[in-house]
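Reading through the structure tokens given below for one structure.
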Amino acid sequence: MSDTPTRTVRTRFAPSPTGYLHIGGVRTALFSWLQARRHGGEFVLRIEDTDRARSTEEAIQVILDGMEWLGLRADEGPLYQTDRFDRYNEIAAQLLASGHAYHCYCTKEELDEMRAAQMARGEKPRYDGRCRDRKEPKPGVPPVLRFRNPDQGQVVVDDKVRGRVVFDNKELDDLVLLRSDGVPTYNYSVVVDDMDMGITHVVRGDDHLNNTPRQINVYHALGAEPPVFAHVPMILGPDGAKLSKRHGAVSVLQYRQEGYLPEALLNYLVRLGWSHGDQEIFSVDEMIELFDIGDVNKSASSFNPEKLLWLNQHYIKEAPPARLAAELQWQLERLGVECSRGPALEAVAEAFRERAKTMHEMAQAAIFFYQDFETYHEKAARQHLGAAAAEPLKQLMAGLEALEDWQAGPIHDIVQGVAEGLGLKMGKVAQPLRVAVSGGPVSPPIDVTVALLGKDKTLARLRHAVVVAASAGDCP
RNA sequence: GCUCCGUUCGUCUAGUGGUUAGGACGCUGGCCUCUCACGCCGGUAACAGGGGUUCGAAUCCCCUACGGAGCGCCA
């Protein structure tokens, strides 16, 4: 169903840089971005930095870099609320003049006292409007500006995901618009901004659902039409508890460091609270084609790291080799591995693509192609580089030394030939070779591994392994 | 405490009055195999509870329980 075909859809993502952008914020951004893309609209990025005390430059950078990494490009922005104080003041003056707002001189102590008393009486703590009709300023006290909320009637939020939610105005109190230092509060600046920026669909976390009726009242006081709201459910940790540092509440950029592909993260996130039949895999284009904010679930969902891993592996298997090569290089460099000399990264990535869940994992498994190892994997050496391996290794060395056409096919023939000649199973020859060249018991197919490693390194490592095996003595 | 929201396998979900309640991750049995994986075949497991409405409820209504959010000069 289309919403308002006459109005161009404009959505926004409005994070506050008081903490790092994490998985939950990213999904909200994704839904918002998709909603705009889906309807051929525009997406705005706005930084809500009015809490100057807790906002950090670093957190802003994470937002910008994170959005960039994920490909969630904004058509407008980043816009900063701190650039718009004049506008907030302008609107505030209007509200004051029209009687929709008033100065309040209550001190923090006074308000605390009032709330404590209300709580004690079992009431909902709320501002009682005691300054509503105050005519005289209180000397020496810088006032806040409060909104005069209607005290009769109801506010209906026709939420795209929650459905129709009704609030009684008498449950709402007079919210602060401007703090005593003149800085706007969230519930006020968000309305002015969304109105000024022509936002048609507000997609945000459902922790804002309770704020929505107040904001709608402010829109009405301003004579503006409120946007369509869509409150998406929260993301919980794997244990069903609130998302914490333990799981997903880390900077989204950490997922890049850990070797996740952005398409995997996006695919994982879009399926949290949204689905299209039984489909699990969605390219970004498919998401844009199929997504609708109205199809989002109402209930919170838990973050499942295993499924993210599975998707990441899927995308690693699917990604173009050049992409993987670039990521692999980035990861190897982060591990301090010099990879300009050695097998082509693309070829290595192809060899590993079906056996790595993350690019970080792939990089670690591929180190032996670019660096000599100091020691063998202990258990592997014990099992595969014993006395019994000496002869197969010698023969392999001889065979490979004579090989001109250094490719997987011919290499495979030599390994197989040695096994057959000695009446051994492939495993008895391939495993010693594997440990000899890679240092451990696991690698891509042995012929591919040897081909990639190159003749010189292979022979050098074999030479060493033969010595180790021969000197293993008669211990079985 | 008050207001608002939510509740299908362990997890993500399909389902909109009639299904053996489907898929996916995970776990697990098997096949493949030079290791690890990939892949393929199979298994495991759910409608929070109680009342209605109805010939018939996962689906509609009410209550209860449990969980969450908000109630700031935070966003």
Side-chain angles (χ1 to χ4, degrees), chain A residues 14-19 48-51 53-55 104 106 108 111-112 115 118-127 142-146 157 159 162-163 165-168 171-173 175-181 183-187 189-190 204-213 231 233-234 236 238 240-242 268 271-281 297-311 313 317 352-357 365 380 384 412 415-416 419 425-435 438 440-447 449:
Chain A
S16 83
T18 52
E48 309 230 327
D49 54 352
T50 54
D51 184 353
R54 295 191 301 147
S55 295
C104 166
C106 296
K108 188 169 190 324
L111 295 173
D112 286 347
R115 289 191 193 100
Q118 288 165 332
M119 296 274 261
R121 274 179 269 131
E123 293 168 14
K124 181 202 277 207
R126 56 203 293 282
Y127 181 66
V144 300
L145 188 71
R146 278 189 193 272
V157 181
D159 197 275
R162 311 322 269 237
V165 185
V166 182
F167 296 84
D168 276 322
E171 295 296 336
L172 276 23
D173 62 359
L175 74 160
V176 171
L177 265 21
L178 252 30
R179 300 175 172 95
S180 48
D181 61 2
V183 176
T185 59
Y186 165 75
N187 278 303
S189 57
V190 74
R204 63 192 0 172
D206 72 0
D207 47 336
H208 291 287
L209 183 55
N210 287 296
N211 288 324
T212 306
H231 287 94
M234 298 190 61
L236 273 21
K242 205 170 177 173
Y268 177 71
R271 283 285 289 101
L272 230 43
W274 177 82
S275 62
H276 180 71
D278 284 339
Q279 189 171 343
E280 295 288 351
I281 306 297
N297 278 169
K298 295 173 170 54
S299 53
S301 38
S302 293
F303 181 77
N304 183 344
E306 283 80 29
K307 191 156 183 180
L308 206 212
L309 235 21
W310 172 73
L311 277 164
Q313 185 173 40
K317 284 185 293 185
F352 277 104
R353 69 187 320 164
E354 287 184 348
R355 58 206 85 224
K357 284 179 153 53
H384 303 295
H412 181 264
V415 178
Q416 197 165 40
K425 293 181 130 183
M426 268 297 265
K428 292 291 179 196
V429 178
Q431 274 308 84
L433 177 56
R434 174 167 281 117
V435 178
S438 78
V442 175
S443 86
I446 195 60
D447 46 3
T449 302

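Heavy atoms only: backbone and side chains are in, while hydrogens, waters and symmetry mates are out. Here is how names work: the chains are called A, B, and so on, in the same order as the sequence lines, proteins then strands, and each is numbered from 1. Remember, it's a predicted structure, so these values are computed and weren't measured experimentally.
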Any base atoms under 4.0 Å from [X], or only sugar-phosphate, or nothing? Heavy atoms, all strands.
| X | value |
| --- | --- |
| A:Pro15 | nothing |
| A:Asp181 | nothing |
| A:Ser302 | sugar-phosphate |
| A:Gly440 | nothing |
| A:Pro444 | base |
| A:His208 | base |
| A:Arg121 | nothing |
| A:Arg146 | sugar-phosphate |
| A:Thr50 | sugar-phosphate |
| A:Ser443 | base |

[X] [atom1] to [N] [atom2], straight-line distance once rounded to whole Å:
| X | N | atom1 | atom2 | answer |
| --- | --- | --- | --- | --- |
| A:Asp51 | B:rC73 | CG | C1' | 11 Å |
| A:Gln416 | B:rU33 | CD | C1' | 13 Å |
| A:Glu280 | B:rC25 | CD | P | 7 Å |
| A:Lys425 | B:rU33 | NZ | P | 11 Å |
| A:Ile446 | B:rU33 | CD1 | C1' | 14 Å |
| A:Lys307 | B:rU13 | NZ | P | 9 Å |
| A:Phe303 | B:rU13 | CZ | P | 13 Å |
| A:Phe167 | B:rG70 | CZ | C1' | 9 Å |

Open item on the list: Regarding B:rC71, can its base be found pairing with the side chain of A:Arg126 as donor and acceptor, where the two atoms are less than 3.5 Å apart?
Closed with: no
- [ ] Could you tell me whether the side chain of A:Arg434 has a donor or acceptor atom within less than 3.5 Å of a complementary atom in the base of B:rC34?
- [x]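 Indeed there is one.
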Candidate nucleotides [options], ranked by approach to the side chain of [X] - the nearest:
| X | options | answer |
| --- | --- | --- |
| A:Asn210 | B:rC4, B:rC2, B:rC5 | B:rC4 |
| A:Asp278 | B:rU3, B:rG23, B:rC25 | B:rG23 |
| A:Lys317 | B:rG39, B:rC73, B:rG72 | B:rG39 |
| A:Lys357 | B:rU35, B:rC38, B:rA24 | B:rC38 |
| A:Val165 | B:rC5, B:rA75, B:rU3 | B:rC5 |
| A:Ala430 | B:rC5, B:rC34, B:rC12 | B:rC34 |
| A:Asp173 | B:rG72, B:rA37, B:rA75 | B:rG72 |
| A:Leu209 | B:rA75, B:rG23, B:rC4 | B:rC4 |
| A:Ser16 | B:rC12, B:rC73, B:rA75 | B:rA75 |
| A:Gln313 | B:rG6, B:rC38, B:rU35 | B:rC38 |

Looking only at atom [atom1], what distance separates [N] and [M], rounded to whole Å?
| N | M | atom1 | result |
| --- | --- | --- | --- |
| B:rC40 | B:rG23 | P | 15 Å |
| B:rU19 | B:rU8 | C1' | 14 Å |
| B:rU16 | B:rG22 | C1' | 15 Å |
| B:rG68 | B:rU44 | P | 33 Å |
| B:rC27 | B:rC12 | C1' | 16 Å |
| B:rC61 | B:rG70 | P | 27 Å |
| B:rC71 | B:rG51 | P | 39 Å |
| B:rU35 | B:rU13 | P | 39 Å |

Could you give the distance from [atom1] ([X]) to [atom2] ([Y]), rounded to the nearest 0.5 Å?
| X | Y | atom1 | atom2 | value |
| --- | --- | --- | --- | --- |
| A:Asn304 | A:Arg271 | CG | CZ | 11.5 Å |
| A:Asp49 | A:Ser16 | CG | OG | 9.0 Å |
| A:Asp207 | A:Met234 | CG | CE | 6.5 Å |

State the pairing partner of [N]; accept Watson-Crick or G-U wobble contacts with both distances under 3.5 Å, and report none otherwise.
| N | value |
| --- | --- |
| B:rA48 | B:rU64 |
| B:rC32 | none |
| B:rC9 | none |
| B:rG70 | B:rC2 |
| B:rC27 | B:rG43 |
| B:rA58 | none |
| B:rU16 | none |

- [ ] Classify the angle between the aromatic ring planes of A:Tyr268 and A:Phe303 as parallel (below 30°), tilted (30 to 60°) or perpendicular (above 60°).
- [x] perpendicular
Heavy-atom closest pair, residues [X] and [Y]:
| X | Y | answer |
| --- | --- | --- |
| A:His231 | A:Arg162 | O-NH1, 3.3 Å |
| A:Cys104 | A:Arg146 | SG-NE, 3.3 Å |
| A:Thr212 | A:Arg204 | OG1-NH1, 3.2 Å |

Open item on the list: Whether A:Asn297 contacts B:rA14 is assessed here as follows: a side-chain N or O lying under 4.0 Å from the phosphate OP1 or OP2. Is that the case?
Closed with: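 Answer yes for this pair, as a side-chain N or O of A:Asn297 is under 4.0 Å from OP1 or OP2.
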TODO: May I ask you to verify if any side-chain N or O of A:Lys242 is less than 4.0 angstrom from the OP1 or OP2 atom of B:rA69?
DONE: yes
Task: Torsion-based syn/anti label for B:rC36, 90° from 0 as limit - done: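 What B:rC36 shows is an anti base, its glycosidic angle lying more than 90° from 0.
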Open item on the list: Do the side chains of A:Arg115 and A:Glu123 get close enough for a salt bridge, i.e. N-O under 4.0 angstrom?
Closed with: no
- [ ] Tell me which of A:Ser275 and A:Pro441 sits closer to the 5' end of RNA chain B, going by the nucleotide each one is nearest to.
- [x]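 Counting from the 5' end, the first nearest nucleotide belongs to A:Ser275.
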- [ ] Could you pick out which residue, A:Arg162 or A:Gln431, lies toward the 5' side of RNA chain B when each is mapped onto its nearest nucleotide?
- [x] A:Arg162
Open item on the list: Evaluate A:Lys357 against A:Glu306 for salt bridge (Lys or Arg N to Asp or Glu O under 4.0 Å), listing each step before the verdict.
Closed with: CA-CA 10 Å; A:Lys357 284 179 153 53; A:Glu306 283 80 29; over 6 Å; no
Open item on the list: Could you check whether any side-chain heavy atom of A:Val415 comes within less than 4.5 Å of a side-chain heavy atom of A:Met426, counting everything from C-beta outward?
Closed with: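 A:Val415 reaches A:Met426 side chain to side chain.
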